[in-house]
Each structure stands twice: as C-alpha cells, then as structure tokens.
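Beneath this line is the structure, given in structure tokens, with notes to follow.
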Amino acid sequence: MHEVKIDYKKCVYCRTCITVCPMGVYTDETDKVEVTNASDCVACMSCVPACPTDAITVKENP
Ligand code: SF4
Ligand code: SF4
C-alpha cells in the first residue's frame, strides 16, 4: 500500500487533488480535504504536481 499525505500547513483547500485523483483517494470533508482511501492509491503521481502548494507527498510502498 502506498502512503499519501497532505501537509496541512501548506494545503489551501483548493480541492484540485480530489478532481485529479482517478481512484477517489481524497474526500472533501467540508472544511478540509482528507486522505480517506489511501489503500486505493495506484501511485500514478497525478496529484503531486497538480497541487498548487506542493502539499502532497506520495511514497510508493514505504
Ligand atoms: S491540491 Fe493541494 S492545496 Fe489543493 S486541496 Fe489538495 S492538498 Fe490541498
Ligand atoms: S498518486 Fe494518483 S492514485 Fe494516488 S492519490 Fe495521487 S492521484 Fe490518486
């Protein structure tokens, strides 16, 4: 299983990661985005460069 983390010191709640992720790893929790389905992550890395503030870290099979 891959490790997906959001650095909340950097996240500006733009929700781009929710739009970009093909696997539904992220969930909009109304006031923040949470990583709720990390077990579905396929490490496509689409979310990492899409995040405008570099808040996302994805580690393959840590
Ligand atoms: S794309 Fe980055 S800044 Fe935007 S909600 Fe996701 S983690 Fe936060
Ligand atoms: S690496 Fe791909 S599958 Fe994993 S959370 Fe990011 S966009 Fe979703």
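When a ligand or atom number is given, it counts from 1 through the structure's own listing order.
- In this structure the side chain of N37 never reaches within 4.5 angstrom of the side chain of M23, judged on heavy atoms.
- Counting backbone and side-chain atoms alike, C44 contributes no N/O/S atom closer than 2.8 Å to atom 4 (Fe) of ligand 2.
- Residues T57 and D7 form no side-chain contact, since every pair of their non-hydrogen atoms from C-beta on lies 4.5 Å or further apart.
- Relative to atom 3 (S) of ligand 2, the option among V42, V4, V48 with the closest non-hydrogen atom is V42.
- Of the heavy atoms in Y26, none comes closer than 4.0 Å to ligand 1.
- Heavy-atom minimum distance, H2 versus E60: ND1-CA, 3.4 Å.
- Among the atoms of C14, no N, O or S atom falls under 2.8 Å of atom 2 (Fe) of ligand 1.
- Neither the backbone nor the side chain of A38 comes within contact range of ligand 2; no heavy atom lies under 4.0 Å.
- The main-chain N or O of A55 is never found under 3.5 Å from a side-chain atom of Y8 such that the two would form a donor-acceptor pair.
- Taking a cut-off of under 4.0 Å to the non-hydrogen atoms of V12, the atoms of ligand 1 that pass are 3 (S), 8 (Fe).
- For the atom pair CG of N61 and CE of M1, the computed distance is 10.5 Å after rounding to the nearest 0.5 Å.
- Atoms of ligand 1 found under 4.0 Å from any heavy atom of T53 (numbered from 1 in listed order, with element): 3 (S).
- Nearest protein heavy-atom contact of atom 2 (Fe) of ligand 1 is C51 SG, 2.3 Å.
- If you check which protein heavy atom lies closest to atom 4 (Fe) of ligand 2, you get C41 SG, 2.3 Å.
- Taking every heavy atom of C11 and a limit of under 4.0 angstrom, the matching atoms of ligand 1 come to 3 (S), 5 (S), 7 (S), 8 (Fe).
- No donor-acceptor pair closer than 3.5 Å links the side chain of T16 to the backbone N or O of A50.
- When heavy-atom distances to ligand 2 are checked against a 4.0 Å cut-off, M23 comes that close only through its side chain, counted from C-beta outward.
- Ligand-side atoms of ligand 2 in range of C47: 1 (S), 5 (S), 6 (Fe), 7 (S), range being under 4.0 angstrom from any heavy atom.
- Looking from atom 1 (S) of ligand 2 to the surrounding protein, the closest heavy atom is M45 N, 3.1 Å.
- Summarising the geometry of C17 relative to V33, their closest heavy-atom pair is SG-CG1, 3.8 Å, with the distance given to 0.1 Å.
- Between T27 and I18, every side-chain heavy-atom pair lies at or beyond the 4.5 Å cut-off.
- Of all the atoms in ligand 1, the ones that sit under 4.0 Å from a non-hydrogen atom of R15 are 4 (Fe), 5 (S).
- In this structure, NZ on K59 lies 13.5 Å from SG on C41, to the nearest 0.5 angstrom.
- Contact atoms of ligand 1 toward V33: 5 (S) (distance under 4.0 Å to a heavy atom of the residue).
- Residue contacts with ligand 1, taken as heavy atom pairs separated by less than 4.0 Å, involve I56 solely via side-chain atoms from C-beta onward.
- With Y26 as reference, I6 is the one residue of I6, V20, T19 to meet the side-chain contact (heavy atoms from CB on, under 4.5 Å) rule.
- Salt bridge R15/D28: present, at least one basic N to carboxylate O contact under 4.0 Å.
- Scanning the protein for heavy atoms near atom 8 (Fe) of ligand 2, the closest one is C21 SG, 2.4 Å.
- Of the protein's heavy atoms, C17 SG, 2.3 Å lies nearest to atom 6 (Fe) of ligand 1.
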